[in-house]
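Questions regarding the structure given below will be posed in turn.
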Amino acid sequence: MTDALSQSPLSSCRRVVLKLGTNILRHEGGSVNEQRMTAVGQAVDNMRRAGMEVVIVSSGAIGLGMGKLGMGKRPTRLTELQACAAIGQTILMQTWQRSFEPFGITVAQVLLTREDVRGRKRHLAVHDTLDKLLSLGVVPIINENDTVSADEIKFGDNDILSALVASLVKADLLAILSTAPGLVDRLGTGEIVPVVHDITPEILAMAGGSETATSVGGMVTKLDAARIATASGCTVFIGSGFDPAIVADMTKGRARGTYFPAKERGIDARKRWIAFFESPKGTLIADSGARKAVIADGSSLLPKGLTGIDGCFEEGAVVNIRCEGDTFARGICAFSSDELLGILGKASSEIKAQYPERRHFEAVHRDSLVLLQ
Ligand code: GLU
């Protein structure tokens with residue numbers, strides 16, 4: 001086992017999200033790689049026999065659609081991409097179904113857009129559905145609903161989608177399997193970095209974009225995905241998807257690739273939603289005393305420590321919290337932007353006189369606040 005991982009939660013790994021990239025699932029000419037998908041089916045069967053629950057995030061819809069239409073180059077128009085996805089997604093699911101059949105495993109298709117996991121109600125509904133499928137012994141196979149997702153409602157790519165799914169289902173391990181064998185130290189040794197504890201600027205510098213004709217995510221987005229998942233308490237593994245046998249080693253912490261150990265105390269479900277899913281509707285500008293109180297002392301953010309706001313939002317909106325240009329936290333604001341404008345910099349006793357019916361006077365209560373660093 002990789003030393004740095006010997007203490008990680010991987011030893012009791014129960015829930016795994018497997019993300020498979022387009023070029024793992026299709027041949028160069030664009031046809032589906034059924035053999036590899038059956039090998040994944042075998043690997044998943046082994047994991048389940050070892051007591052794990054598995055969720056798959058499968059790319060490939062656009063790439064397989066392109067293959068079916070004989071397109072060599074990824075289209076640039078949104079409607080063409082959406083058409084390719086509509087064609088390829090059915091090929092993808094038919095093949096997944098066939099690949100899992102020999103093992104008696106039922107699969108379920110789940111197509112998501114960003115909107116589906118943003119609002120609290122739909123977010124919880126998606127969570128409950130995935131939970132239900134897992135409790136029924138089914139393997140959910142998730143992809144972005146590319147056919148209906150336009151730019152503003154896109155996840156961006158399936159690396160980010162897989163991290164959000166891992167956060168949503170509280171997975172212990174997210175494995176991003178693609179053509180990339182791991183994070184390669186391209187500026188130094190040229191070797192794969194086996195373990196990354198913190199995604200520092202130096203680590204980011206090792207990752208260059210790697211867009212190909214069929215897929216979109218490069219190493220930079222994989223690192224973004226790793227940041228979301230590890231902060232959610234999930235260990236991340238980035239490795240080659242060419243050899244499905246890697247899956248067996250991966251859960252033992254000894255596969256060739258890069259591990260990103262989970263942050264020890266992953267944040268709770270509601271705070272994960274605040275931090276990663278809902279889009280902020282505005283910004284609260286805090287003074288440096290308030291920033292210190294929030295970061296170092298674990299305090300709530302009081303109107304007294306606010307110097308300004310950006311945006312127009314209702315009470316209960318998710319907002320960013322910024323100080324001297326640094327967005328250091330995000331949380332649910334207990335006042336609307338209009339109300340806040342009247343109480344900026346005021347002490348709680350003054351606000352109480354203004355809002356006698358209120359019992360709490362924090363702008364963002366600590367229980368609804370998450371630090372972003
Ligand atoms: N959702 C896209 C597809 O199925 C893949 C996006 C990605 O690989 O990041 O083709």
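Every number for a ligand or one of its atoms is a count from 1 in the order of the listing.
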Could you check whether atom CD of E202 has more than 12 heavy atoms from other residues, nucleotides or ligands sitting under 6.0 Å from it?
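Result for CD/E202: open.
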
Counting only heavy atoms not in E350, do more than 12 fall under 6.0 Å of its CD?
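Above 12, so yes.
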
N or O pair under 3.5 Å between D146 and ligand 1:
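Yes, since at least one N or O of D146 sits under 3.5 Å from an N or O of ligand 1.
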
Heavy-atom count check: over 12 atoms from other residues, nucleotides or ligands less than 6.0 Å from K170 NZ?
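For K170, atom NZ is crowded (more than 12 foreign heavy atoms under 6.0 Å).
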
In ligand 1, which numbered atoms sit nearer than 4.0 Å to a non-hydrogen atom of S59?
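Listed by number with element: 4 (O), 5 (C), 7 (C), 8 (O).
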
What about K19: any of its N or O atoms under 3.5 Å from an N or O on ligand 1?
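It does not: no N or O of K19 is found under 3.5 Å from an N or O of ligand 1.
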
How about CD on Q354, more than 12 heavy atoms from neighbouring residues, nucleotides or ligands closer than 6.0 Å, or not?
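Buried by this count: over 12 neighbours within 6.0 Å.
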
Between I62, T22, N145, which one has a non-hydrogen atom sitting closest to atom 10 (O) of ligand 1?
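Closest candidate by heavy-atom distance is I62.
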
For atom NZ of K346, decide whether the heavy atoms of other residues, nucleotides or ligands shown that lie under 6.0 angstrom number more than 12.
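Buried by this count: over 12 neighbours within 6.0 Å.
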
Out of D159, L81, N158, indicate the one that has the non-hydrogen atom closest to atom 6 (C) of ligand 1.
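Among D159, L81, N158, the closest heavy atom to atom 6 (C) of ligand 1 comes from N158.
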
Is any N or O atom of D157, backbone or side chain, closer than 3.5 Å to an N or O atom of ligand 1?
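For ligand 1, there is no N or O atom that lies under 3.5 Å from one belonging to D157.
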
Sub-4.0 Å atoms of ligand 1 with respect to non-hydrogen atoms of G60
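Checking each atom against G60, I get 3 (C), 4 (O), 10 (O).
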
Check the orientation of F277 and H123. Use parallel for under 30°, tilted for 30 to 60°, and perpendicular for over 60°.
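Because their plane-to-plane angle is over 60°, the rings of F277 and H123 count as perpendicular.
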
Say whether G21 and ligand 1 are in contact under the criterion: heavy-atom distance to a ligand atom below 4.0 Å.
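Contact absent.
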
